[in-house]
Amino acid sequence: MTEQVTEQVTERLLDSIPDNIKSLVIAIGKNEMSVKEMMTTLELKHRPNFMAQLLSPAINMGLVRMKYPDSPRHSKQRYLLTVRGLILNDNLDAQ
């Protein structure tokens with residue numbers, strides 16, 4: 001019974017996350033990536049749209065975090081998945 005409830009909750013969470021955010025989570029995976037690397041992986045070219053429509057929402061959802069959160073413009077800034085993002089990534093891989 002508990003397993004079934006957990007599965008239903010997981011499915012609802014997966015359904016509530018837009019496909020473009022899911023693609024970003026899959027692209028990052030267990031890596032640390034720069035904005036340029038993420039955009040290249042996702043074959044995107046327009047940085048302002050990427051930031052507004054993908055990266056910022058993913059950060060606000062608690063799926064992605066900055067490596068250097070106190071220095072957003074750090075020259076070696078990278079982004080990686082949070083624990084929640086890693087769980088989502090594992091669930092997307094299992095589908």
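Atoms OG1 and CE, from T82 and M61 in turn, are 11.5 Å apart once rounded to the nearest 0.5 Å. Rounding to the nearest 0.5 Å gives a distance of 10.5 Å between CE of M39 and CG of L55. For the atom pair I26 CD1 and I21 CD1, the distance stands at 12.0 Å (nearest 0.5 Å). Between atom CG of residue L81 and atom CG of residue L86 there is a gap of 5.0 Å, rounded to the nearest 0.5 Å. Separating the CG atom in L63 from the CD1 atom in I87 is a distance of 10.5 Å, to the nearest 0.5 Å.
Residue pairs meeting the salt bridge (Lys or Arg N to Asp or Glu O under 4.0 Å) criterion with at least one member in residues 44-59: none, sequence neighbours excluded. Judged as a side chain to side chain donor-acceptor pair (under 3.5 Å), the pairs with a partner in residues 58-69 (not counting sequence neighbours) are, in order, E32-K67. For residues 17-31, the set of pairs meeting the salt bridge (Lys or Arg N to Asp or Glu O under 4.0 Å) definition, not counting sequence neighbours, comprises D19-K22, K30-D90. Applying the ring pair (Phe, Tyr, Trp, His ring centres under 6.0 Å) test to residues at least two apart or on different chains, none of the pairs has a partner in residues 39-58.
Closest approach of I28 to Y79, counting heavy atoms only: CG2-O, 4.1 Å. Considering every non-hydrogen atom in both L24 and A58, the closest pair reads CD2-CB, 3.8 Å. Here the shortest heavy-atom pairing between P72 and P69 reads CD-O, 3.9 Å.
The hydrophobic cluster containing I59 also contains L42, counting ILVMFWY residues as joined when their side-chain heavy atoms lie under 4.5 angstrom apart, directly or transitively.
For T41, the side chain to side chain contact (heavy atoms under 4.5 Å, CB included) partners are A27, M33, not counting sequence neighbours. Shown here are the side chain to side chain contact (heavy atoms under 4.5 Å, CB included) partners of S34, two or more places apart in sequence or in another chain: K36, E37, R78.
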Worked verdict on I17 versus V25 for side chain to side chain contact (heavy atoms under 4.5 Å, CB included):
CA-CA 11 Å; I17 297 172; V25 168; over 6 Å; no
